[in-house]
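Keep in mind the model is a prediction, meaning the values are calculated, not measured. Residue numbering restarts at 1 for every chain, and letters A, B, ... go by the order of the sequence lines.
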Number of protein chains: 2
Amino acid sequence: MNTQTLILAILNFGDASGYEIKKFSTEGSFSYFVDISYGSIYPTLAKLETDGFVTCQTESQDGKPDKKVYSITDIGRHEFVSALSTPPNSDKFKSEFLLVAICADLTTPEVMAQAIDKRMGELEAKLEMIRSLREECDHPATHWVSRYGEHVKQADLTYLRENRDALMALATQAKFGEAAE
Amino acid sequence: MNTQTLILAILNFGDASGYEIKKFSTEGSFSYFVDISYGSIYPTLAKLETDGFVTCQTESQDGKPDKKVYSITDIGRHEFVSALSTPPNSDKFKSEFLLVAICADLTTPEVMAQAIDKRMGELEAKLEMIRSLREECDHPATHWVSRYGEHVKQADLTYLRENRDALMALATQAKFGEAAE
DNA sequence: TAGGCCATGTAACCGGTTACATGATTAG
DNA sequence: CTAATCATGTAACCGGTTACATGGCCTA
């Protein structure tokens with residue numbers, strides 16, 4: 001999914017500046033399944049404006065820097081809806097944790113424990129965030145996605161909790177390297 | 001996680017050629033949490049060899065092209081284990097499906113149904129693959145990861161099955177655009 | 001007064017993909 | 001006869017990140 005479609009999606013929920021778009025994609029309703037950086041937001045917004053998909057209005061604020069607020073246009077919305085209509089690509093998923101887990105017998109209990117705890121902490125934080133999304137807005141589709149995310153992440157966390165010991169046991173077994181040293 | 005560590009991890013499970021590494025990362029035990037292409041495998045293998053992390057032996061086969069079989073060295077294994085020891089980065093997750101879902105009210109029931117069915121099909125296939133991994137090998141850590149994956153993907157699929165109708169309902173509601181056209 | 005937040009933007013860089021080149025063998 | 005599998009490799013390209021530049025305000 002390209003940055004353009006993502007930004008259009010965010011702007012379709014409401015006007016925003018580049019800075020706000022970044023926040024939204026990092027902390028808002030979209031944050032658990034996308035991510036973009038300023039380095040791609042600002043150039044894309046510029047391109048979006050020249051293409052007529054968004055318009056821009058500079059707002060002066062006192063005590064804060066000027067703000068360039070972007071709004072999606074009808075052409076932009078049309079572009080976005082037609083992008084939505086093409087069958088979505090499969091989820092992209094990469095997990096370093098699972099690489100460590102699958103190599104559990106090569107690591108030490110310390111390393112493994114640290115990796116598990118880090119992951120559990122992240123999962124808990126993400127769950128908390130996903131849940132809080134529902135309190136902040138009552139958009140039905142956002143609720144559906146939030147519950148979906150909650151369900152899946154909860155299943156993830158539950159498995160980790162219940163099988164932490166089993167994984168630790170694999171990391172605890174004697175390593176061939178240790179005997180030789 | 002860089003290609004280098006990933007290839008080292010695969011070679012740590014056994015000798016392999018570039019072609020086999022690709023297969024392994026696409027269909028094997030690693031396939032559901034990583035992916036790499038030839039364009040990154042072959043150059044990385046070359047670099048790995050000059051760095052002394054792997055050795056290479058060319059095997060002639062009759063009826064098939066020559067095969068360059070790579071083996072991890074002790075230095076390579078050491079490099080890999082030390083890479084494993086640094087706390088793993090968070091999972092990378094991107095979902096176009098969720099973008100469509102969160103914009104359900106902008107799409108048509110047809111588009112939504114297609115997206116859901118595609119996803120469910122993919123999930124079922126992935127589940128099947130994850131389960132089959134356990135029958136092919138009895139490496140304990142691989143089993144742990146496989147059960148983990150199964151659990152999470154199963155939760156995903158279950159939610160989709162049970163809440164498909166709710167999402168469809170959101171896509172079915174009248175769109176503002178339709179009234180105007 | 002140091003650091004964090006607000007706010008925009010650019011340039012260099014990089015990891016990785018896509019597409020291509022090559023070619024023999026086997027299965028349908 | 002076509003398509004797929006086996007097998008290695010390169011070059012162009014590309015999307016996106018990182019790091020930097022700039023600067024005022026507010027809080028600790």
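The NZ-P distance, from A:Lys67 to C:dA7, rounds to 5 Å in whole Å. Atom-to-atom, CD1 of B:Ile7 to C1' of D:dG9 comes out at 14 Å; the value is rounded to the nearest Å. Whole-Å rounding puts the B:Asp15 CG to D:dA7 P distance at 14 Å. Between the NZ atom of B:Lys68 and the C1' atom of D:dC6 there is a distance of 16 Å, rounded to whole Å. Rounding to whole angstrom units, CD of residue B:Glu27 and P of D:dC6 are separated by 9 Å.
B:Gln61 has no side-chain polar atom (N or O) that falls below the 4.0 Å cut-off from OP1 or OP2 of D:dC6. For D:dC6, one of the phosphate oxygens OP1 or OP2 lies less than 4.0 angstrom from a side-chain nitrogen or oxygen of B:Tyr19. Contact annotation: A:Lys22 side-chain N/O to C:dC6 OP1/OP2 distance is not under 4.0 Å. Side-chain N/O atoms of A:Lys23 include none lying less than 4.0 angstrom from OP1 or OP2 on C:dC5.
You'll find the ring centres of A:His78 and A:Phe53 outside the 6.0 Å limit.
For the helix from C:dT1-D:dA28 to C:dG28-D:dC1, the angle separating the two terminal helix axes comes to 40°, with each axis derived from five pairs and the value rounded to 10°.
For A:Ala16, the side-chain contact (heavy atoms from CB on, under 4.5 Å) partners two or more places apart in sequence, or in a different chain, are A:Leu11, A:Glu20, A:Ile21. For B:Asp74, the salt bridge (Lys or Arg N to Asp or Glu O under 4.0 Å) test picks out B:Arg77, with sequence neighbours left out. Judged as a salt bridge (Lys or Arg N to Asp or Glu O under 4.0 Å), and not counting sequence neighbours, the contacts of B:Glu122 are B:Lys118. Residues satisfying the side-chain contact (heavy atoms from CB on, under 4.5 Å) test with B:Ser37, not counting sequence neighbours, are B:Ser40.
Using a 30° and 60° split on the angle between ring planes, A:Tyr148 and A:Trp144 fall in the perpendicular class, above 60°.
Cation-pi contact between B:Lys153 and B:Phe33: absent, since separation from the ring centre below 6.0 Å together with deviation from the ring axis within 45° is not met.
Along DNA chain D, the nucleotide nearest to B:Pro43 and the one nearest to B:Glu20 differ in position, and the one closer to the 5' end is contacted by B:Glu20.
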Next item on the list: Using a 4.0 Å heavy-atom cut-off, write out nucleotides 15-24 of chain D from 5' to 3' as B (base contacted by protein), S (sugar-phosphate only) or - (no contact).
Entry: -SBB----B-

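No hydrogens or angles considered: a donor-acceptor pair under 3.5 Å links the side chains of B:Asp91 and A:Ser95.
Note: B:Ser17 OG to B:Lys23 NZ = 10.5 Å, rounded to the nearest 0.5 Å.
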